[in-house]
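In what follows, chains are A, B, ... by sequence order, proteins preceding strands, each numbered from 1.
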Amino acid sequence: MERGLFVGLDIGASMTKAVVIDRERNILGQGVVFSGSDFQAAIKKALKKAQALAGLKNIEGSLIVATGYGRRSVPFAHSTRTEISCHARGSYHFFPRAHSLVDIGGQDSKVIKVDDRGNRIAFKMNRKCAAGTGAFLEEIANRLKVKVGRLNELAEKATKDISIGSYCTVFTATEILTKIRENVDLKDIVRGIYQSVIQRIMEMDTLEGEVVMTGGVAAHNPFLVRMFEEKIGRKIFVPPLPQFTGAFGAALYALEAKGG
Amino acid sequence: MSEEKTVAIKKIQASGQMRKIMADYFFALNRASEEGHPKVAWCTSVGPAELLLSLGFVVYYPENHSAMLGSTRTANTYIPAANAIGYSPDICSYLTSDIGAYIKRETPLSRAYEGIRSVPKPDVLVFNTNQCRDVQDWFNWYSRELKVPVLGLSTCRNIGKIRADDLRSIVDQIEDMIPPLEKISGQVFDIDRLRSVVALSKECTELWKRVLETNVSSPAPMSFFDAIIQMGPAVVMRGSPAAVDYYRILLKELEERAAKKDGAVEGERFRLYWEGMPIWGKLRDLAEFFIGLRTAVVVSTYCNSWIFDGFDPADPLMSMARAYTEIFIVRDENTKERSIEQMADKYKVDGILFHDAKTCPNNSNNRYGMPERLAKRLGIPTLVINGDLNDLRCYSEEQAKTNIEAFIEQQEAR
């Protein structure tokens, strides 16, 4: 029986993440898997990965907080919190000052304002639309017949700025066909797609003060973060393991529920 | 969220009486439609119903029918039929669901009331553009389809201070309607009869206002989700003694509950303002969700829109013009903002939830920066959720609930 451990589970629409921490808030292990259609299987696999990395035999006796769209699908969780609270909590741990947090996940993106005490003072989520999310990048990568993992290296090598103006994912795909017909280089198209994601985020809310980015898109597309920095003319802070910030925040809530 | 728990919706005892008078109303309409007498007028919700009632018409409100299509979650069965004949999915889903239901010759009235087979056949259609232009297009469709005359009032919108000219124009238009309406109804206009109807509408609206104001108490005895059901008689029976009698009963019950601190939400922790249209297909679901969050939605623009302070039997026509023009939706952005501010203060709310209804721009007041301005000025958070009054294709359940839940978590941390 492993006691004194705290687990955060973030069951997102695209990926399920698990994080195990100790009383000192150290991340002992983490795991990420596709959420797929079987949340229970995904939760089990993500936990197993986190456990293995932490060198734990099991996590029985740990306090568990679930977050993400599938947060209510974890029967053994002690409580749930929205991913909005958990991302803010996780981000404030690494950047304990007022900041604007941009989280780009698989199916949604958020801009969260955190004050100097770590309280959320406002938040906005994307509207019912995939534009500006990881799903948008996946869909476009699929249309371009490029693995989503290659987008970053392609965008990095781009030489021209092209504008992808459509708001809708389907219309963007059509716009891309036009660019292909015009012989625009694939690398420039990918850079244009990154620009489009950044634009959608900037339309959601103002980004005051320091800016932090979390989520799978920031984790796997560091060049997008650099482009974002150029766009706003300020440094963007990215926590360690940005894809796990929500799960980590959930684990912190579990710890704090125990008075930690 | 650890605070979340499931609690049943508390019953309002008066509701049984409401169901009875609503049934009487629909059966009377059905009888009139089948027998051809008295004549049936269709009217927009803040159209000149008082004039129609004074001329002996029984009055049917298509918007109420659309709300029924929404609340029975059948609207999405019908909207595509209206889309297919050229009415865009982007325009009012009250219009598209109602016209779609007509095309398919179906109505929730037949399921609710035995013997009613269709909506009542109109003898005249009367609109007021005070709410939006869509009502005009809506009634014009029926006019062409059913070959029934359509009459309308054109109201100036975005009004700040109401000028005498604005009201004079409405009075002139109402007066112009009288001769054709007399011809259709077969009754001669009688100013004293109109005074009596206006007096009843005034009494109804004053009682409705007092009903809503019981929610100034904490805990609030009634939630927004109760109130939008309870406003049925104020919507379809204003100008009738039945509505007045009903609101006396309801007011007594709610005053007693307020005095006993018997809140609609057990353990009320937070109080919210709902700005914008209801999401008719999700009333029960959202009511239960808020109860689980121990949060009471205590005041709304929507329910307050059936408070007509302007009615005055001493000057019926001018007062009708004033009542129809003073309503929230007709006013300019500053007046709307001040109104919400006053209500937020009066009802001591902790936050304001704006419903951005995809197909109803006129009732979506979040689109010109108002949530941000109010949050700054009132020092309380605001939230925008995306949805629609009737078209559930525009509503993402999980996204809306996550937003609301996160908003409440934000309240907990304040």
Side-chain angles (χ1 to χ4, degrees), chain A residues 10-13 35 39 63-73 77-89 92 101 103 105 107-115 117-130 133 204-206 208 246 249-250 253-254 256-258, chain B residues 1-6 89-90 279 285 288-289 292-293 295 350-359 364 366-367 369 371-376 378-388 391-414:
Chain A
D10 179 0
I11 303 98
S35 296
F39 279 175
L63 210 62
I64 299 171
V65 169
T67 188
Y69 277 133
R71 63 190 175 279
R72 294 190 187 88
S73 307
H78 296 92
S79 68
T80 62
R81 283 264 166 182
T82 63
E83 54 273 36
I84 295 159
S85 289
C86 290
H87 275 275
R89 183 67 197 87
Y92 186 75
L101 169 63
D103 173 67
Q107 300 268 330
D108 64 38
S109 38
K110 320 167 189 73
V111 176
I112 305 169
K113 307 284 178 68
V114 181
D115 72 11
R117 291 174 302 153
N119 291 328
R120 270 193 300 115
I121 46 174
F123 69 94
K124 284 187 182 165
M125 277 176 86
N126 61 314
R127 299 195 296 171
K128 198 180 152 190
C129 172
T133 70
M204 282 171 63
D205 206 344
T206 54
E208 289 135 10
Y253 275 122
E256 285 153 16
K258 267 278 183 193
Chain B
M1 194 161 125
S2 52
E3 291 289 353
E4 193 181 339
K5 57 181 180 182
T6 307
D90 293 331
I279 303 168
D285 186 52
E288 288 174 347
F289 186 62
L293 295 169
T295 297
D350 301 295
I352 306 174
L353 188 155
F354 285 77
H355 171 209
D356 186 339
K358 175 81 166 68
T359 71
S364 298
N366 60 296
R367 298 183 184 183
E372 287 78 2
R373 289 195 298 276
L374 284 174
K376 197 175 270 182
L378 296 173
I380 55 173
T382 56
L383 172 72
V384 178
I385 60 164
N386 295 111
D388 193 55
D391 190 345
L392 291 178
R393 293 173 299 186
C394 306
Y395 175 69
S396 162
E397 178 110 47
E398 194 50 50
Q399 198 176 38
K401 285 188 171 173
T402 296
N403 270 283
I404 293 167
E405 205 174 322
F407 191 61
I408 300 305
E409 287 173 351
Q410 187 174 324
Q411 298 280 354
E412 287 167 354
R414 284 178 87 204

*Taking NZ, NE, NH1 and NH2 as the nitrogens, is one of them in B/Glu372 or A/Lys124 under 4.0 Å from a carboxylate oxygen of the other?*
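Between A/Lys124 and B/Glu372 there is a salt bridge, with a charged N closer than 4.0 Å to a carboxylate O.
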Testing the basics here: between [X] and [Y], what is the closest heavy-atom pair and its distance to 0.1 Å?
X: B/Gln399; Y: A/Asn126; value: NE2-O, 2.8 Å
X: A/Thr80; Y: B/Glu405; value: OG1-OE2, 4.3 Å
X: B/Thr402; Y: A/Thr82; value: O-CG2, 3.8 Å

_B/Lys401: partners by salt bridge (Lys or Arg N to Asp or Glu O under 4.0 Å), with sequence neighbours left out_ =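 So B/Lys401 forms a salt bridge (Lys or Arg N to Asp or Glu O under 4.0 Å) with B/Asp285, B/Glu397.
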*Can you sort out the partners of B/Glu398 under salt bridge (Lys or Arg N to Asp or Glu O under 4.0 Å), two or more places apart, ordered by chain and number?*
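A/Arg71, A/Arg72.
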*Quick one: which of A/Ile84, A/Asp115, A/Thr67 has the most heavy-atom pairs under 4.5 Å with chain B, could you say?*
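It is A/Ile84.
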_Please classify the contact between B/Ile385 and chain A as side chain, backbone, both or neither, with a heavy-atom cut-off of under 4.5 Å._
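Neither the backbone nor the side chain of B/Ile385 comes within 4.5 Å of chain A.
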_Please check if the number of heavy atoms outside A/Arg117 that lie under 6.0 Å from its CZ is greater than 12._
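Atom CZ in A/Arg117 is not crowded, with 12 or fewer foreign heavy atoms closer than 6.0 Å.
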*Are side-chain heavy atoms of A/Phe123 and B/Leu383 found at a separation under 4.5 Å?*
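In contact.
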*Would you tell me whether A/Ser85 and B/Glu409 have side-chain atoms, one donor and one acceptor, within less than 3.5 Å of each other?*
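The criterion, which ignores hydrogens and geometry beyond distance, is satisfied for B/Glu409 and A/Ser85.
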*Give, for atom CD of B/Glu412 and atom CZ of A/Arg81, the distance between the pair rounded to the nearest 0.5 Å.*
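Going from CD on B/Glu412 over to CZ on A/Arg81, the span is 5.5 Å.
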